[in-house]
Amino acid sequence: MSLVTDSPVHSSSSDDFAALLDAELEVGSSGSSPDEEDVEADGDNNNDNNDDHDDDDDLDSQRNKRCKTEKLEDLEESRGSTSQGLIEDKIVIHAELSLKKDICTHPGSFGQMCILCGQRLDDESGVTFGYIHKGLRLGNDEIVRLRSTDMKNLLRHKKLYLVLDLDHTLLNSTQLMHLTPDEEYLKGQSDSLQDVSRGSLFMLDFMHMMTKLRPFVRTFLKEASEMFEMYIYTMGDRPYALEMAKLLDPRREYFSDRVISRDDGTQKHQKGLDVVLGQESAVVILDDTENAWMKHKDNLILMERYHYFASSCHQFGYKCKSLSQLKSDESEPDGALASVLKALRQIHHMFFDELDCNLASRDVRQVLKTVQEEVLKGCKIVFSHVFPTNFPAESHPLWKMAEQLGATCSTETDLSVTHVVSTDAGTEKSRWAVKEKKFLVHPRWIEATNYLWQKQPEENFPVSQGKNQ
Amino acid sequence: MFFHIVLERNMQLHPRHFGRNLRENLVSKLMKDVEGTCSGRHGFVVAITGIENVGKGLIRDGTGFVTFPVKYQCVVFRPFKGEVLEAVVTMVNKMGFFAEAGPVQIFVSNHLIPDDMEFQSGDMPNYTTSDGSVKIQKDSEVRLKIIGTRVDATEIFCIGTIKDDFLGVINDPTTA
Ligand SMILES: [Zn+2]
């Protein structure tokens, strides 16, 4: 309505807005029947226009004004109706409105208003989805509803959900001031921020940071995006998360608004799938930190940490030289991301093409477990001097890891044993392994196999003589 | 809706601004303070269009600041419940879509999008009818009806619907 621009404003108080509305109402309502006002007076929605935050006036004038405002709104609503039947129309509208209001379950809110009926909501129930839009909050039932409709949609496109951690999983970042002298050369090698899709080492001066993308990450994202709807989920803050998303996904084809940072989580130091709008039975997580996902370990593929910068190594207590200091990098074709992509393909294939049960009842967590158990299937492993004396072998992490990978573990050697795992080639069992032509491998063989979801070549994990190898 | 109204504000001015340019200083400070802000009653102050009158200044003891009551004309924008607005879509996702009409941020939940429009994910998420004839995506212009409003200090939030006659896409960026 553009009828106001030249309206006469004579009176002097700042409250004249109400008077102004009044004046405009006169203009606007000149054609309508007088009965209309009666109907409106009986209307039911006199309570929901309470958005006057900065009111310093007495209640009376406020109420007054509110009434007038509502008249205006109702007029707006009824524009276009003919004056005949106007009254019935309005009654019906109002009846519908009140009905709607009574039965509305308030599935969620935006700016503290119900997303369905527009009513003001002050309780803070449900989960906030700040990463999607400021002020958006959804109730649990609505989340369930969205998840299930989305799930159908996704399965029809033969896709699952993939939640990706940033640091040490897809990339490695360091503060510029933490660069060591022998890393200074990196400053001269950083890639242009103009076209980030080609580069892998970026200097982000405005954030006082340098970021190195993990080798293979671009191929990984491209291929994974065909099988998964992808989320970023980082313990970094929101500006960092968005900046990294720009580097990884400059054309915004992979993540869209699905970038979750620690500012969006519902629990401190924990990542949760409650802010992910995907059903847990269809979510795969890639992260290097198992403890961040206490409630969702079955969805997790644990990643070997990518430490490119020296500061990152130090942070995790490694004394060795970093990849950057060695002017080296993880292998592109055989690195962690290439391996995990193979595993993801297998998982995706098994989920959609190999299971017999109906699509909706399938659970990717079960598939994850099955695929993992294939890795060392048929291996029988004996540990020699790996666990502390008197330690219950069955509860040692390595033992459990080997079992998760599908191997059987034993404390005694016999001819069915395939691998002896030891740090010392001089032990009785190690010598037995050599004599019986069994594989003798270092414990890291199991760890590497676990990270890469693939049995690693035994000859790459030799065991040396003596206590220290 | 836009309104052209007169508002009043007490402006505090530092003594260094006194002198020949007093009035100009007052006006520029007023613009800085007021334009772009929101109030629950008047909505978003789009622009100051004129000064009606500057009252007598009142000197504050101790600080030397002077308070002037200033009456000014301005254009305000305030959405109303039931109002039909045209807005530009800024984001589309599985929950619905967000749109902007100037400073007003509107959310249209997928409950309030016609049932025959279905969400399509991908690099350009959208809601599309089964025959593909109507599509809502980022930068589409839509006509929607406001069903709830809330005004903050700097922002106006609205809940909207396009599930009604004559509402929906009015301009599709892909065909424009
Ligand atoms: Zn509601």
Side-chain angles (χ1 to χ4, degrees), chain A residues 1-2 4-7 9 11-14 16-17 20-21 24 45 48-49 51-55 65 69-70 72-74 76-77 79-80 107-108 110-120 129 132-136 138 142 146 149-150 153-154 157 159 229 251-254 256-257 277, chain B residues 1-9 38-43 49 52-53 71 73 75-76 78 80-84 90-96 98 105-112 118-125 145-153 155-161 165-166:
Chain A
M1 276 167 84
S2 57
V4 202
T5 39
D6 57 349
S7 60
V9 183
S11 130
S12 54
S13 121
S14 75
D16 280 353
F17 190 58
L20 172 81
L21 284 179
E24 295 319 319
N45 51 353
D48 45 16
N49 197 32
D51 42 15
D52 297 303
H53 282 306
D54 56 353
D55 250 339
K65 196 214 80 197
T69 308
E70 248 144 47
L72 192 77
E73 289 174 9
D74 285 346
E76 273 289 287
E77 224 163 59
R79 268 206 314 178
F110 172 61
Q112 289 167 309
M113 290 173 292
C114 172
I115 57 170
L116 189 51
C117 67
Q119 194 179 313
R120 191 65 185 273
F129 284 81
I132 292 177
H133 200 290
K134 191 184 156 202
L136 185 66
L138 295 177
E142 178 71 353
L146 281 169
T149 47
D150 195 53
N153 196 357
L154 209 62
H157 290 94
K159 280 188 176 183
E229 179 177 282
R251 283 187 278 273
R252 282 178 64 97
E253 46 198 335
Y254 304 138
S256 182
D257 53 12
L277 282 175
Chain B
M1 238 177 284
F2 289 96
F3 297 96
H4 192 202
I5 56 170
V6 174
L7 294 176
E8 184 167 354
R9 185 183 178 86
C38 293
S39 80
R41 175 180 308 151
H42 304 107
T49 54
E52 289 254 303
N53 145 307
K71 261 182 221 142
Q73 299 158 355
V75 175
V76 293
R78 186 195 191 288
F80 289 95
K81 210 167 102 180
E83 185 178 355
V84 173
T90 53
M91 184 198 290
V92 178
N93 57 41
K94 49 188 104 165
M95 294 165 212
F98 292 88
Q105 305 196 48
I106 306 146
F107 177 58
V108 177
S109 143
N110 62 10
H111 294 276
L112 300 176
E118 209 171 303
F119 178 68
Q120 317 282 333
S121 53
D123 53 346
M124 196 52 137
K145 188 163 97 179
I146 305 295
I147 61 167
T149 67
R150 195 176 66 95
V151 182
D152 263 1
E155 283 166 309
I156 305 178
F157 295 101
C158 288
I159 304 292
T161 177
D165 292 342
F166 309 114

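The sequence lines fix the lettering, A, B, ..., with proteins before strands; numbering per chain opens at 1.
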Q. Should the pair Phe98(B) and Phe110(A) be assigned to parallel (<30°), tilted (30 to 60°) or perpendicular (>60°) ring geometry?
A.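 Rings of Phe98(B) and Phe110(A): perpendicular, as their planes differ by over 60°.
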Measuring heavy-atom distances to chain B, does [X] have an atom under 4.5 Å in its side chain, in its backbone, in both, or in neither?
X         : value
Leu277(A) : both
Leu136(A) : side chain
Tyr254(A) : neither

Rounded to the nearest 0.5 Å, how far does [atom2] of [Y] lie from [atom1] of [X]?
X         : Y         : atom1 : atom2 : value
Asn93(B)  : His133(A) : CG    : NE2   : 9.5 Å
Lys94(B)  : Asp150(A) : NZ    : CG    : 3.5 Å
Thr161(B) : Ile115(A) : OG1   : CD1   : 11.5 Å
Ile159(B) : Arg120(A) : CD1   : CZ    : 11.0 Å
Met113(A) : Phe107(B) : CE    : CZ    : 11.0 Å

Side chain, backbone, both or neither: which part of [X] has a heavy atom under 4.5 Å from chain A?
X         : value
Phe166(B) : neither
Gln105(B) : both
Met91(B)  : side chain
Asn53(B)  : neither

